[in-house]
Protein chains: 2
Amino acid sequence: MALVVQKYGGSSVADAEAIKRVAKRIVETKRHGHNVVVVVSAMGDTTDDLLDLAAQVTAHAPEREMDMLLSAGERISMSLLAMAVNELGETALSFTGQQAGVHTDDHFGKAAIVSMMPERIARSINEGNVAIVAGFQGVNKRDDITTLGRGGSDTTAVALAASLRADVCEIYTDVDGLFTADPRIVPTARRIRTIDFESTLEMAAHGAKILHLRAVEFARRYRVPLHVRSSFSEKDGTWISNTTANPALQGIVPESALTHYCQEETVEGPVISGIAHDRSQDKLTLVGVPDKPGSAAHIFEIIAEAGANIDMIVQNVSTVQKGATDLTITMPHVDAKATLVALEAAQNEIGYAKIAHTGNVGKLSLIGAGMRTNPGVSAKLFGALSAAGINIDMISTSEIRLSVLVSLDQLDDAVRAVHTAFGLDSSEVEAVVYGGTGR
Amino acid sequence: MALVVQKYGGSSVADAEAIKRVAKRIVETKRHGHNVVVVVSAMGDTTDDLLDLAAQVTAHAPEREMDMLLSAGERISMSLLAMAVNELGETALSFTGQQAGVHTDDHFGKAAIVSMMPERIARSINEGNVAIVAGFQGVNKRDDITTLGRGGSDTTAVALAASLRADVCEIYTDVDGLFTADPRIVPTARRIRTIDFESTLEMAAHGAKILHLRAVEFARRYRVPLHVRSSFSEKDGTWISNTTANPALQGIVPESALTHYCQEETVEGPVISGIAHDRSQDKLTLVGVPDKPGSAAHIFEIIAEAGANIDMIVQNVSTVQKGATDLTITMPHVDAKATLVALEAAQNEIGYAKIAHTGNVGKLSLIGAGMRTNPGVSAKLFGALSAAGINIDMISTSEIRLSVLVSLDQLDDAVRAVHTAFGLDSSEVEAVVYGGTGR
């Protein structure tokens, strides 16, 4: 008997039929002898509908009221889901973020969890109930309702799993797990059966949209094994964990996955997990930055003040000005405008010659453990891109990632070429994308 | 400066436009120098939509989950309303039933308020905010969400007004106040400008649908002056109070209403407030009940066990059986079937000859203070009905009410005839019914 936390996103509970299907799965897990805690997002379009209503009323909604409004969404989905589970003969009780003990800071709209006190949830499952908890929401120390922002429901699920010492946190979504590349671009992409937290973090940070970075970081810190899978099929998904198999997971994890996982742990050499891609970055290049101490520091101060999250940085000897350097950075498209304005205002101060802004650029990231110690990996990557006639604009690396910037219109070709070159293609199409994303 | 509690029903906040209109009224009241606490119901169709979703999931929704589901409705309306008030430049904060300190018993779906602890609301208005509170909902001592059932939002408003010692509780609805009769039946019905609690209770109990009995009882017990008015017009509505004018109300109550009220208080003789009617009652007649001690008590025990709320009772010497009586009772249509079954099962025990059941019957109630001591009132009533060719089936009276049962198809004519006979007709049509009812 294990304690299983299951998280269902908005597309998994989009309507009454979907809710009944989810209820069936919950009841099956319960009847396999496990304790079940469920975290649920708002139904399909609820959040958009509520945002739309707010926009009709005001263009400047106070954040506290916006959180109060949005938190209604999970009340609806969680109580309906509890009803559906009861209809199938198991007792289910639904709990708000507050009732589940999700205590957050005061940042409405993007609150961070400061403590978890899930005593009511623990008591409820010990009494034999299925506990259904609102994702995405908590309460601050003034008893005001807060929401956790993007990836909030995943974060709720992982935080609950960590604080309840659950054996696994299952993240149900509308795809069958993590894939070696986006199946919409690479139809032969393979499902990743097992992957470590660090590689998952790199995948999430560099464009894979299945899991939110924040939830993965939380799971890594508290060592919560994640199982990402589809709520539309019975298939096993992707297991994310750094430990070898947990005995409590016998019966939850299919035998094949356990074996596979242990094997992979012992393989020498680089283990390529997959390829992430990202179309949401912009590129800014400062040409002719004086090559003197403090120049770079000053520039990054200005960028930080503009609130931009820098992704890649490359500095080179300037092609246009002697004794100067060219500095290229990438950042999310949404941050680029404000950064550009701030840097232009400081042109005299910094003393650069000119600034160039390229709208959305394409970034391909190859992710896998042991990459740094295997020079063959980068050679193979560059070779594949060159053979496909794709020019590399910029390169950045980490221990377990190798990212290149290419032109946006060549990005899909680049992903496919690299996927094939690293032998990631499956002999059959196994990915099914079911459409829709929750929060 | 006064403390004003305003309650807006579902039809007053049916969409974004309606919400903005309500916000404007709130801001106007605030800018007249008053403190404002607002109680709001769920938007127009929200409750029906949620019930519909639940019905798609299960036919046996647990009551706790149903309350969790329905309580989402007010979160949406109250946060949107707070946004709309903020948009107009006043600070508004929305509060759930729990945050407003509405503590109830454990009866999900029809919880009773056990205590009010509105400290947060008091603090918030003292800080200069408009406080917007979810109607219809509270929290039990286990921190589970409860709903107050029919008339719940009115009850929340009156309970808040009582506990905050508000100067007036304004009940906004879709008609201009209480009328001397239902304006859909009597187009010349006049708006009642002032009325006492007892007469209002009789109006509500005997078919007038504007106010819920429960809220009026609460207001009467805690002496909260009510002002029932339309959210669609600026007109003064109906003032309900037993006290003479409260000095704090100067500036809220128009001068004319204060004067009018004080005059009416001193008038001698019967003050006919209006005519209520009811189509929802059934009639049961037990023919030939043995005229012996304990017979009636036994019958009423059986009816009580069947869960029926008896309205009228008439006992006569039996027309068919010597030494026996005929007993006629009326009760809500929804209770009649179960009562009939219970009484039929006990026929031998009770020893009555036969039982007759008449489906919905029409009841007309004339309501006004000082009626009992004015024999002319009943003579005028019976005369008017007789002149209109309407047969009276049954009569019951209280200190301030005189009810008659007539056949359903003659009820409208009866209401019009009595309305005219008592000089209640207005020279002009002043009632506008805007349609829709909240909860």
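Just so it is clear, the values below take in all heavy atoms, side chains as well, and ignore hydrogens, waters and symmetry mates. Numbered from 1 within each chain, the chains take letters A, B, ... in sequence-line order.
- At least one donor-acceptor pair closer than 3.5 Å links the side chain of B:E65 to the backbone N or O of A:S94.
- Contact annotation for B:A23: neither backbone nor side-chain heavy atoms come within less than 4.5 Å of a heavy atom of chain A.
- Contact of B:M43 with chain A is made through the side chain alone, with heavy-atom distances under 4.5 Å.
- In this structure, chain B has a heavy atom under 4.5 Å from the side chain of A:Q98, while its backbone stays farther away.
- Both the backbone and the side chain of A:L93 come within less than 4.5 Å of a heavy atom in chain B.
- Side-chain contact between B:M83 and A:H60 is absent, with no heavy-atom pair separated by less than 4.5 Å.
- A salt bridge links A:D144 with B:R120: the closest approach of a Lys/Arg side-chain nitrogen to an acidic carboxylate oxygen falls below 4.0 angstrom.
- With rounding to the nearest 0.5 Å, the separation of CG in A:L70 from OG in B:S79 is 8.0 Å.
- A distance-only check finds no donor-acceptor pair linking the side chain of A:K20 to the backbone of B:T58 [under 3.5 Å].
- Both the backbone and the side chain of B:Q56 come within contact range of chain A, each with at least one heavy atom under 4.5 Å from a heavy atom of that chain.
- Proximity to chain B is absent for every atom of A:S77, based on heavy atoms less than 4.5 angstrom apart.
- Atom CZ of B:R75 sits about 4.0 Å away from atom OG of A:S71, to the nearest 0.5 Å.
- For B:D143, the parts sitting under 4.5 Å from any heavy atom of chain A are the backbone and the side chain alike.
- A:L80 CG to B:L69 CG: the interatomic distance, rounded to the nearest 0.5 Å, is 5.0 Å.
- With a 4.5 Å cut-off on non-hydrogen atoms, B:I145 touches chain A through its backbone and its side chain both.
- Atom CD1 of residue A:I19 and atom CG of residue B:L53 lie 7.0 Å apart, to the nearest 0.5 angstrom.
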